Amino acid sequence: MNFTKSIIYWYSTNKRDLPWRKTVNPYKIWLSEIILQQTQVKQGLPYYEAFVSKYPTIFHLANAPENNVLKLWQGLGYYSRARNLHATAKHIVNEFNGVFPNTYKDIIKLKGIGDYTASAIASICFNEVTAVVDGNVYRVLSRYFNIDTPINSSKGAKEFKSLAQELINKKDPALFNQAIMEFGAKQCKPKNPDCNSCPLNNSCLALSLKKIDALPVKTKAVKAKKKYFNFLIYITKDNQTILEKREGKGIWQNLHQFPLIETKKPINAKTLNDVIKSYTFLKNKKFQLSLYNSQPVIHKLSHQHLYTKFWIINIDKLEGNTIPITKIKNYPVPVLISNFIESFNFNLV
DNA sequence: AAAACGGGGTG
DNA sequence: CACCCAGTTTT
């Protein structure tokens, strides 16, 4: 059996039972593909169920406020996926009457959809012969064909896409695409794959060359930078606090957080007290500042390590944009913030 | 071409 | 700690 037929046969007897495999509805396939970008099935599955349940059609999603969409996405990371998902839902409803585009060429024009996702939707929903290349496909092909072009280079992207496009089953592109990804996820795993049980172990070049551990090749990632975050948790006597929406370019765009002071170096209570004292909205007000966590919480992201301190500010009264502490869980917040909220029992205040 | 963008899991 | 995950967008 050749590569393509072997992969498809393996899939027929080894595939997992997953909810998005029971439909070819482009809305649901699209939703599943966005959720699964850079996300393992195990982590994405409950989010898929929650979205399908709360937003059964693209019209439900398009009509929802962005805050609600972000709230449902909370904890999954890469929040631009949720913002783009929502924006694209509105676009499809408003411009196309809710009808999903049905060719790779048109699908890839949509916000948040690149080559991988356009290929997945076009093949699964519309039987278009266009090969997916995700992390699984890179791994399977680089090993089987002993290709050491870095997968995170533009040369690698073209080379592997072209190879996958040659290998794809022209009669059932959807079947092949899902099969090779599942094969990568469950059989040709990143670490310690069970090559003894692999149906391709007679023809896999990396295996015969003892290069399984050396492939795929990926150029080095940059090291994460340290940042120092100081969140200010205002608490008034009438149980109000301040939550802000993150604007601008960086992480967690459009999510909410306690007012943040970011510094280059760790900051002590006296210095912070002086900074806060100078705020005009606190002029002539008395407040008490105390540090909640003596050791910083180290929140690790791909590109940043956030050394975080939570400062409690007890104060009699605040005017302006405060919210009741009881409403705090209505807002979409980063995991770093939701962990604090869970740990700091506001009910005791 | 390189960096930014999250959070969870593995060895 | 380094690497990976059904990648895309911005710089």
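Atom set for the values below is all heavy atoms of this structure, side chains included, hydrogens, waters and symmetry mates excluded. Predicted model only: the values in this text are computed from it and were never measured. Letters A, B, ... mirror the listed sequences (proteins, then strands); counts begin at 1.
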Suppose the criterion is side chain to side chain donor-acceptor pair (under 3.5 Å): which pairs have a residue in [range], not counting sequence neighbours?
range	value
residues 43-55 of chain A	none
residues 82-98 of chain A	A:R83-A:Q253
residues 194-210 of chain A	A:Y144-A:S203, A:Q187-A:S197, A:D194-A:S197

Start at the 5' end of DNA chain B and walk down; is the nucleotide closest to A:Q43 or to A:S153 reached first? A:S153
Other than A:V222, what residues sit in its cluster of Ile, Leu, Val, Met, Phe, Trp and Tyr side chains whose heavy atoms are under 4.5 Å apart, directly or through others? none
Over 12 foreign heavy atoms within 6.0 Å of [atom1], [X]:
X	atom1	result
A:N321	CG	no
A:Y331	OH	no
A:F96	CZ	yes
A:D213	CG	no

Go through [range] and report each residue with a non-hydrogen atom lying under 4.0 Å from DNA chain C, sorted by number.
range	answer
residues 130-138 of chain A	A:D134, A:G135, A:N136
residues 241-261 of chain A	A:K249
residues 10-34 of chain A	A:W20, A:R21, A:E33

Less than 4.0 angstrom from a charged side-chain N to a carboxylate O is my criterion; do [X] and [Y] meet it?
X	Y	answer
A:K161	A:E166	no
A:R21	A:D17	no
A:E319	A:K285	yes

Inter-nucleotide P distance (C:dT11, B:dG6), Å rounded: 14 Å
Rounded distance in Å between the P positions of C:dA6 and B:dA3: 25 Å
Report yes or no: do [X] and [Y] form a side-chain donor-acceptor pair below 3.5 Å?
X	Y	result
A:T4	A:N169	no
A:N146	A:K211	yes
A:T23	A:N25	no
A:D274	A:T271	no
A:Y104	A:D115	yes

Atom [atom1] of [X] to atom [atom2] of [N]: distance rounded to whole Å?
X	N	atom1	atom2	value
A:L301	B:dA4	CG	P	12 Å
A:H305	B:dG7	NE2	P	13 Å
A:N192	B:dG9	CG	C1'	15 Å
A:Q40	B:dG6	CD	C1'	14 Å
A:L306	B:dC5	CG	C1'	12 Å

Below 3.5 Å, can you tabulate the donor-acceptor pairs from side chains in residues 29-38 of chain A to any protein atom, sequence neighbours excluded?
| unit_1 | atom_1 | unit_2 | atom_2 | d |
| --- | --- | --- | --- | --- |
| A:S32 | OG | A:I29 | O | 2.8 |
| A:E33 | OE1 | A:Y116 | OH | 2.6 |
| A:Q37 | NE2 | A:T117 | OG1 | 2.9 |

Is there a side-chain contact between A:H303 and the phosphate of B:dG6, meaning an N or O under 4.0 Å from OP1 or OP2? no
B:dG7 OP1/OP2 closer than 4.0 Å to side-chain N/O of A:Q38: no
Quick check for you: name the first and last nucleotides of DNA chain C, 5' to 3', having an atom under 4.0 Å from a heavy atom of chain A. C:dC1 to C:dT11
Answer with base, sugar-phosphate or nothing: what part of the nucleic acid does A:D115 contact at a heavy-atom distance below 4.0 Å? sugar-phosphate
Reading DNA chain C from 5' onward, which residue's closest nucleotide shows up sooner: A:G114 or A:R139? A:R139
What pairs of residues pass the salt bridge (charged side-chain N to carboxylate O under 4.0 Å, His left out) test when at least one of them lies in residues 130-150 of chain A, not counting sequence neighbours? none
Taking the inter-plane angle between the rings of A:Y292 and A:F340 on a 0 to 90° scale, is it parallel (under 30°), tilted (30 to 60°) or perpendicular (over 60°)? perpendicular
Where along residues 217-225 of chain A does a heavy atom come under 4.0 Å from DNA chain B, residue by residue in number order? A:V222, A:K225
Using a cut-off of strictly less than 4.0 Å between a heavy atom of the residue and any atom of DNA chain B, enumerate the qualifying residues of residues 71-93 of chain A by number. A:G75, A:L76, A:G77, A:Y78, A:Y79, A:R81
